[in-house]
Amino acid sequence: MTRYDLTRLPLVKPLLKNRWPQWMVQVAALAGFVFAITAGLIGTPVGNHNFSIVFVWIGWWALLMLIAVPLFGRGWCSICPIPLPGEWLQRGAVIAPNAQGGFTLGRRWPNRLRNIWLQNGTFALTALFSAVVLTQPGVTAIVLAAFLFLALAASLVFERRAFCRYLCPVGGFIGLYSQVAPVEVRAKDPSLCATHLEKTCYVGGAEGYGCPWQVYPGGLVKNTYCGTCVECLRTCPHDNIAINLRPPGADLLVPAGRKLDEAFKAFIMLGSALAYSLVMLGPWGAIKTAAYSVGSAAWIGYALSFVVWIFGMLPGAFLIAVLVGKLLGKRAPVSTRKAFTSLSYALIPLGLAAWIAFSLSFVFANLSYLWPVVSDPLGWGWNLFGTAGIEWTPYFMQIVPASQVIVLIGGLAWASLTARQIAGELKFKTIQAAPVVVFCFGVTVGLLWLLVG
Amino acid sequence: MVARRVTGEYAARLIVIGILIGLPIAALSARWLKPAIEIRARVAEAGGWTPADLTAAVGQPLHLRLTSDDVIHGFAVGQSAWPALDVEPGKVVETTLLFETPGRYVYYCTRWCGLGHWRMRGTIEVTGPTVESETAPQPLYAQLGIKIDEPHVAESVPGARPSPSRGAKFGASLPAALLNADYYRAHSPVEAWRDLRAEANTTSLSDDEVWDVVAFLWQSNTSEAVLAEGQRLFAANCTACHGEGGAGDGIAAQALANNEHEALTEFGQHTVAPADFTDLSRMLGASPALLQGKIIRGGMGTGMPYWGPIFTEAQTWALVDYLWTFVFDY
């Protein structure tokens, strides 16, 4: 497939090789992050007047799900502020490469945990409390601070970015959906990497650090675990790292590295999009109340249902679809586990479409909360920039439902095509992909019903 | 090159420290410049005011920043002249209170926000130098030793609604002892009726005509302005249980009558049907002082809230005066 190396454009390579531009964006993000924690703790408890809720769950979320992830994959991870304090302590430097190292025990992450099951767990755990996290500034602040300290602790105990790679609930799904993105960081010539014995891209050198994500750039075939920090671009002495513009979804058809933990991430994300649409946008007050009543018997029921839904019912229904598909062929060319894992990658474009459609339903309706909060971020009656009085106005509401339909139908088409291609790769007949397509169709109909009505 | 890197590193560290430490301190400093207590309002069943207990000092402004988590609430401080504020969900309203005398003040919700509305109360403990002052007199019902929980039923009631305008014809001949506020507040209408019946100059009047004179006597102890104030207070605080017409048929009446008022019964309180102010035997047997006691102290075991810390003495009397409009044809 054709690729275009963006570093060939003027200014791109100098801007990326220089540490300061990226650092300045990271520091701006860190300032916003620290302020979000502060605002959540000392600002007004009214969510739509507090910086922490409005800028994190409306502003940042819109940026992440509608722009960053679909277009830049893990682009957000390259400027994410959460791991920075820990990483700086670990390196003993804030910006300049420091060969001496800093404060860390530098332990290896346990082999048994070198997967994203923990991220699946942290996402599910956060999701159970999302109704209060998304609406109460104090809870948002505590969650953000917990991420910050967890990342800090991980950096002080383990080598490199253990938090990002194995713990971050956001990073888990960004990695999954980054396979769809039209950009990638890859070695221009992997054979050159094979002859480069120093492997400065992995171990670091005078110009920079070894890959913080514990990935060997020379062997990269998927975006999933590449944090796009471009450290390898700085450390490669042969100028052998490219940032390619590529056909969207190219990674979905790469058989290497398909694993059950990633498959379950796809179910968790798709199931969560359906559950959130039901709980937060649906007309069922009792479910909404249960989701908000953390600790109550109703909430325990909601939490159990949520967990059973994302870890049991949805994967179970998909497994049935896979088994039916296998029965449609004369003999099974691959194991059920492999078929299940591989075909679940077809859910990645559908899941991303579901999250974009879900986000569209509230982002534009609530975007106008940003303007008063810019002037009064703590809800204390300030008017710093004269925008405090701007009334809530939903934007583009006439075109949002149509956009959601287009996105979901597009996601279904993409998922169906991917399922067919993966089925072919598994030596399945085309008809054997049909049950998976029916599964995707059912999910899409459910989402259309919940989101558009 | 190395020197530039070191300089850059130190500059970057300074910026990071500025963000990690300076930003929160700057935000906190802004708060210290104008410290305010954040008060969240929720219906009583969900917790009421948070925090519910505040402290303040005499002469020190108390800045409050109020918001609601659920429905529209109101904020007012009992027995004070501060105007009530509406506390709307999703909005922040600020107010500053300044207390001149130490004591325990009650703040409360002024909007009918739910079944447990009246339970939405908090306290403000104001400390300061104790000022030598006259001890506040006991309320009249206490001075008179009225047992407000005992039944006070009129054994005799009029056949028609007593009319002060008809009674006014005989007003000029009334004895002076009956025409003052002290007599009015300490006696029930039926006691006044008996006293009038015993007067020689009323022997020519029928029983109902004497009741008209009682109605005149009662009306002469109030004014249009006081009745208007009483009506306002009654509408804001009493109609939910006692009904707009005072017949004990407000929206919460049924639940109270069946002892099913969740906002009260969950705390083990027993409730009864709200008082019917159109019931002649009840109202004509009650003195204004008795009604004052009922309002100030509340009804033990009935679900009737206590209003002592909320209403001023004048407001309580205005409310009492207004209650007679349900039996007399003012």
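The chains referred to below are lettered A, B, ... by the order of the sequence lines, with proteins before strands, and numbering in each begins at 1.
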Worksheet entry | Within-4.5 Å side-chain heavy-atom neighbours: A:Tyr369 and A:Trp392 | yes
Practice prompt. Below 4.5 Å from any heavy atom of chain A, which atoms of B:Glu9 appear? Answer side chain, backbone, both or neither.
Written response: both
Practice prompt. Tell me the residues of residues 30-40 of chain A whose non-hydrogen atoms fall below 4.5 Å from those of chain B, in number order.
Written response: A:Leu30, A:Ala31, A:Val34, A:Phe35, A:Thr38
Worksheet item: CZ of A:Arg91 to CZ of A:Arg160: how many Å apart, nearest 0.5 Å?
Response: 10.0 Å
Worksheet item: Only one of B:Thr67, B:Asp70, B:Asp69, B:Thr50 clears side-chain hydrogen bond (donor to acceptor under 3.5 Å, both in side chains) with B:Arg40; which?
Response: B:Asp69
Discussion item. Is there a side chain to side chain donor-acceptor pair (under 3.5 Å) between A:Thr140 and A:Trp57? Walk through the geometry before answering.
Written reply: CA-CA 9 Å; A:Thr140 281; A:Trp57 301 125; 2.8 Å; yes
Practice prompt. Could you list which of residues 41-48 of chain A have a heavy atom closer than 4.5 Å to any heavy atom of chain B, in residue-number order?
Written response: A:Ile42, A:Gly43, A:Thr44, A:Pro45, A:Val46, A:Asn48
Fill in: Proximal component of B:Arg65, with respect to chain A [non-hydrogen, under 4.5 Å]
side chain
Discussion item. Need one label for B:Ile15: side chain, backbone, both or neither, based on atoms under 4.5 Å from any heavy atom in chain A.
Written reply: side chain
Discussion item. Run the side chain to side chain donor-acceptor pair (under 3.5 Å) test on A:Ser296 and A:Tyr292 for me, step by step, so that the C-alpha distance in whole Å, both residues' side-chain angles and the decisive distance to 0.1 Å come before the verdict.
Written reply: CA-CA 9 Å; A:Ser296 68; A:Tyr292 278 93; over 6 Å; no
Practice prompt. List the atom of A:Leu144, the atom of A:Val56, and the distance in Å for their closest heavy-atom pair.
Written response: CD1-CG2, 4.1 Å
Worksheet entry | Charged tip of B:Arg121 within 45° of B:Tyr306 ring normal and under 6.0 Å | yes
Discussion item. How long is the straight-line distance from CG of A:Leu370 back to CD1 of A:Ile58, given to the nearest 0.5 Å?
Written reply: 6.5 Å
Item to complete: Name the region of A:Ala28, side chain, backbone, both or neither, that has any atom closer than 4.5 Å to a heavy atom of chain B.
Response: neither
Discussion item. Nearest 0.5 angstrom please: A:Met24 CE to A:Arg19 CZ, how far?
Written reply: 13.5 Å
Worksheet, complete the sentence: CG (A:Leu84) and CG (A:Leu89) are apart, to the nearest 0.5 Å, by 11.0 Å
Discussion item. Tell me whether the count of non-hydrogen atoms from other residues, nucleotides or ligands lying under 6.0 Å of CD in B:Gln254 goes above 12.
Written reply: no
